[in-house]
Amino acid sequence: MSHWLLKSEPDVYSIQDLKRDGSTEWEGVRNYQARNFLRDQIKKGDLVFFYHSNSEPSGIAGIAKVVKEGFPDASAWNKKSPHYDPRSSQEKPVWYAVQIKFIKAFKTLIDLQMLRSAAELNQMGLLKRGQRLSVQPVRESEWKHILKMTA
DNA sequence: GCCAACGTTGGC
DNA sequence: GCCAACGTTGGC
């Protein structure tokens, strides 16, 4: 099993929204590197950190589980969607999504400052300057360390 | 709201 | 294929 980190702006969709909905399609990713993770590497049963970006503060807000792996992102061929992309079609999809379900919301968010202060996490893409990928792999050791920080 | 970093677009 | 211009991300 692999671990991942998914970024969302809580103003748009937060961990509380996921708790309310139970599960959701993680769609709208329009970056090829992130697309490749969604399409090729994220598997059913994988666990993901749900990260709140562009937030006060930003940080890891909870955990979700992948319940359906890589499938074509239908929002790409929905003209009314803000993520509409005419290059993608049902016959030749360009973008992919996964479905995730709510597992837990942390009592207190693990904010960026806390993450940065942990030497064990300094290899995380999330903490690297200029790293903007909205879907990132998380190493096993990092996953465990972050879980300890929630205790 | 600012702006650095990065990805994409399009003229040449 | 280069690269300037532009748009987006996301911390601060």
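Predicted, not measured: the structure shown is a model, and the values here were computed from it. Just so it is clear: chains get the letters A, B, ... in the order the sequence lines come, proteins before strands, and each one is counted from 1.
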Quick check on [N]: is either OP1 or OP2 less than 4.0 Å from any side-chain nitrogen or oxygen of [X]?
X       : N      : result
A:Lys7  : C:dG10 : yes
A:Arg87 : B:dT9  : yes
A:Ser58 : C:dG10 : no
A:Tyr51 : C:dT9  : no

Using the closest heavy atom to pick a nucleotide of DNA chain B for each, name whichever of A:Asn54 or A:Gln131 lands nearer the 5' end. A:Asn54
Whole-Å distance between [N] [atom2] and [X] [atom1]?
X        : N      : atom1 : atom2 : value
A:Asp85  : B:dG7  : CG    : C1'   : 14 Å
A:Glu9   : C:dG11 : CD    : P     : 9 Å
A:Met124 : C:dG11 : CE    : P     : 13 Å
A:Asn31  : B:dC6  : CG    : P     : 13 Å
A:Glu56  : C:dG10 : CD    : C1'   : 12 Å
A:His52  : C:dG10 : NE2   : P     : 13 Å
A:Ile60  : C:dG10 : CD1   : C1'   : 16 Å
A:Gln136 : B:dC6  : CD    : C1'   : 14 Å

Cation-pi check, A:Lys68 to A:Phe71: give yes when NZ or CZ is under 6.0 Å from the six-membered ring centre and within 45° of the ring axis, no otherwise. yes
From the list A:Gln136, A:Gln41, A:Lys43, side chain to side chain contact (heavy atoms under 4.5 Å, CB included) with A:Trp4 holds only for A:Gln41
So what does A:Arg35 touch, heavy atoms closer than 4.0 Å: a base, only the sugar-phosphate, or nothing? nothing
Show, in sequence, the C-alpha distance, side-chain angles and deciding distance for A:Glu9 and A:Ser53, and conclude whether the side chain to side chain donor-acceptor pair (under 3.5 Å) test is met. CA-CA 5 Å; A:Glu9 300 194 27; A:Ser53 65; 4.9 Å; no
Say whether A:Arg30 and A:Ser88, considering side chains only, have a donor N or O and an acceptor N or O under 3.5 Å apart. no
Quick one: list whatever passes side chain to side chain donor-acceptor pair (under 3.5 Å) with A:Asp21, sequence neighbours left out. A:Tyr13
Contact summary for A:Leu126 and A:Lys7, nearest pair of heavy atoms: CD1-CE, 3.7 Å
Tabulate below the donor-acceptor pairs under 3.5 Å that side-chain atoms of residues 100-115 of chain A make, not counting sequence neighbours, or state none.
| unit_1 | atom_1 | unit_2 | atom_2 | d |
| --- | --- | --- | --- | --- |
| A:Asp111 | OD1 | A:Gln113 | N | 3.1 |
| A:Asp111 | OD1 | A:Met114 | N | 2.9 |

Of residues 112-123 of chain A, the positions that come close to DNA chain C - non-hydrogen atoms, cut-off under 4.0 Å: A:Leu112, A:Arg116
